[in-house]
Each structure stands twice: as structure tokens, then as C-alpha cells.
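Below is one structure, written out as C-alpha cells; the observations come after it.
All ligand and atom numbering here is 1-based and tracks the order in the structure. Because the structure is a prediction, the values reported are computed rather than measured.
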Amino acid sequence: MKSYLAAAIQMTSVPDLQKNLAQAEELIDLAVRQGAELVGLPENFSFMGEEKDKLAQGNAIAQATETFLQKMAQRFQVTILGGGFPIPVDSSGKVYNTALLINANGQELARYQKVHLFDVNVPDGNTYQESSTVMAGLELPPVYASPELGKIGLSICYDVRFPELYRHLSNQGADILFVPAAFTAFTGKDHWQVLLQSRAIENTCYVIAPAQTGTNYDRRQTHGHAMIIDPWGVILADAGEKPGVAIAEIKPTRLEQVRRQMPSLQHRVF
Ligand SMILES: O=C(O)CNC(=O)[C@H](CS)NC(=O)CCC(=O)C(=O)O
């Protein structure tokens with residue numbers, strides 16, 4: 001593993017596939033011009049809208065998004081995580097909320113179908129019932145071992161509240177935990193940063209967390225603050241509240257140093 005720059009992209013996706021892909025392309029370009037070699041896009045980057053519209057356009061979204069990720073990775077010669085987009089499940093009428101990691105040749109490195117679905121009545125009055133349109137994945141997320149970029153573990157959004165999923169990733173040797181998200185503004189203001197720092201500290205891993213921000217549609221507000229956190233829990237970059245990118249260096253020497261200073265992974269009892 002080498003030292004390199006990673007980017008967590010922050011965007012305001014809307015219920016318009018082509019608009020979102022255009023916005024994502026601009027931000028990937030911005031990240032690559034700053035030197036990023038690993039680029040993460042947030043959950044729902046290619047479509048964020050009403051559940052029924054997402055289902056109705058499911059096949060088109062799935063195909064266009066996968067092609068887009070391959071094209072961007074090849075054109076910019078970087079590894080890209082598409083942090084969560086719908087892929088229809090055969091015949092059930094539902095989709096998997098899928099994250100896809102693609103290399104600079106456009107080849108798929110890893111795929112993950114979100115296992116924890118956001119079925120929550122948020123105290124701000126909004127009700128989420130992700131399971132009404134999304135089929136829960138049945139497999140734990142993968143860790144892809146890249147000789148250059150390190151061991152990269154996948155997850156999506158609401159997963160961040162389930163530390164056992166990240167312990168599974170660090171048990172597989174993960175160095176970097178991806179948490180692409182569309183966190184609600186209401187939960188995000190109190191929980192987002194704390195949860196991300198916790199996952200970084202308890203697993204002594206880098207956390208790369210691309211995010212949705214602002215008003216996506218109707219009354220849907222997302223929290224923003226795409227960030228990159230180091231294995232000690234220090235926030236290296238924070239994209240704030242506007243669309244943009246958070247960029248930081250991922251360093252194997254820092255991973256080694258923190259794991260020497262705080263060898264908690266070696267003291268696991270369970
Ligand atoms: O609903 C939308 O339009 C966009 N959001 C999503 O697609 C997903 C599933 S509903 N959001 C989350 O998982 C938020 C989790 C979260 O905010 C928390 O854990 O507090």
C-alpha cells in the first residue's frame with residue numbers, strides 16, 4: 001500500500017438521473033484535478049427522489065449508473081465507489097441498494113447490497129420506510145484488498161449505526177471504511193460525525209464518508225459534511241454544507257503508527 005489522496009464527494013442529488021450524473025462528473029473531475037486516486041460518491045448519487053419514482057425508473061437508473069461509473073473510472077484513471085444506487089431484484093418489484101467499487105480499467109472490484117434498511121420515524125415528522133422498496137442484502141459487505149490503495153471495506157449510510165458490521169470489516173483486515181450516505185439533516189446534526197469518528201477510532205481505520213447535502217426534493221433535507229477521518233479519529237477534511245469534495249491523504253505509515261500507539265484491535269476478547 002502506498003500514500004495517496006482520497007476524495008469524499010458531496011452532492012445534492014435530485015429526482016433527475018441525467019442532472020445527477022452531470023453533477024457527479026463535475027465533482028469527480030474536481031477531485032481528480034486535485035490529485036485524488038480513490039473517489040467515493042454518496043448514497044443515492046444518481047437518483048434521489050420519491051420511492052415510487054425510483055422504482056419506476058429502476059432499470060434505467062441501474063444501467064446508466066453502472067455504465068457511468070465504468071466510464072468515469074476509465075476516463076480519469078481512478079478507482080471509484082458508487083455509494084448506493086438501486087438495482088432491481090428479479091421479479092420482486094423491489095431493488096437492492098447497491099454500492100459498487102470499480103477500478104481504472106472499468107472492472108468491478110467489489111459489490112455490496114445494503115443490509116440495514118432505514119425504517120424509522122424521525123422526530124422531525126418524516127417517516128422512512130426503506131424496506132417498502134428495497135430488499136435487504138443477505139451478505140455482509142466485502143473488503144477489497146488493493147495492493148496500492150489498501151484494504152477497502154464497504155458499507156452504506158444507516159449501516160454506520162451498527163458497529164458489528166465494521167468489526168466484521170476490520171476482522172477481514174480493512175484499513176479503509178467507506179460510509180457513503182444520505183443522512184437526514186435532523187439525525188445528522190447530532191449523530192453523523194460522532195458515529196463516523198467512533199467507527200474510525202474503534203477499528204483504527206480511515207473512514208471515507210461521501211454525503212448528500214441540502215434540499216434534494218420536497219421537504220427532504222440532508223446533512224452534508226462529507227468527510228475523511230484518520231485512524232486516530234481526527235477529521236482530515238470536511239466538505240461543509242455545499243456540494244464539493246473533501247480530500248485527504250491516506251497514509252500506511254499513519255495506520256501503522258496509530259495501531260502501535262493504540263493496539264486495541266489486538267486486545268479483542270470477543
Ligand atoms: O430517503 C431518502 O430520500 C434518502 N435516504 C436514503 O435513501 C437512505 C435510506 S431511506 N437514508 C438513510 O439510510 C439515512 C440514515 C440516517 O439518516 C440515519 O441513520 O440517521
| query | Taking NZ, NE, NH1 and NH2 as the nitrogens, is one of them in Glu25 or Lys71 under 4.0 Å from a carboxylate oxygen of the other? | reply | no

| task | Return the set of residues passing salt bridge (Lys or Arg N to Asp or Glu O under 4.0 Å) with Arg254 (not counting sequence neighbours), or none when no residue passes. | result | Asp230

| query | Can you name the ring pair (Phe, Tyr, Trp, His ring centres under 6.0 Å) partners of Phe162, sequence neighbours left out? | reply | His116, Tyr158

| field | Backbone N/O of Leu196 and side chain of Arg199: donor-acceptor pair under 3.5 Å | value | no

| remark: Residue pairs passing the side-chain hydrogen bond (donor to acceptor under 3.5 Å, both in side chains) test with at least one member in residues 172-185, sequence neighbours excluded, are Asp175-Arg259, Thr184-Thr187

Nitrogen or oxygen contacts under 3.5 Å, ligand 1 side and protein side:
residue: ligand 1; atom: 1 (O); partner: Arg220; partner atom: NE; Å: 3.4
residue: ligand 1; atom: 1 (O); partner: Arg220; partner atom: NH2; Å: 3.3
residue: ligand 1; atom: 3 (O); partner: Tyr217; partner atom: OH; Å: 2.9
residue: ligand 1; atom: 3 (O); partner: Arg220; partner atom: NE; Å: 3.1
residue: ligand 1; atom: 7 (O); partner: Asn44; partner atom: ND2; Å: 2.8
residue: ligand 1; atom: 13 (O); partner: Lys114; partner atom: NZ; Å: 3.0
residue: ligand 1; atom: 17 (O); partner: Thr184; partner atom: N; Å: 3.0
residue: ligand 1; atom: 17 (O); partner: Thr187; partner atom: OG1; Å: 3.3
residue: ligand 1; atom: 19 (O); partner: Arg161; partner atom: NE; Å: 2.7
residue: ligand 1; atom: 19 (O); partner: Arg161; partner atom: NH2; Å: 3.4
residue: ligand 1; atom: 20 (O); partner: Arg161; partner atom: NH2; Å: 2.7
residue: ligand 1; atom: 20 (O); partner: Thr187; partner atom: OG1; Å: 2.6

| field | Parallel, tilted or perpendicular, as decided by the 30° and 60° cut-offs, for the rings of Trp192 and His223 | value | perpendicular

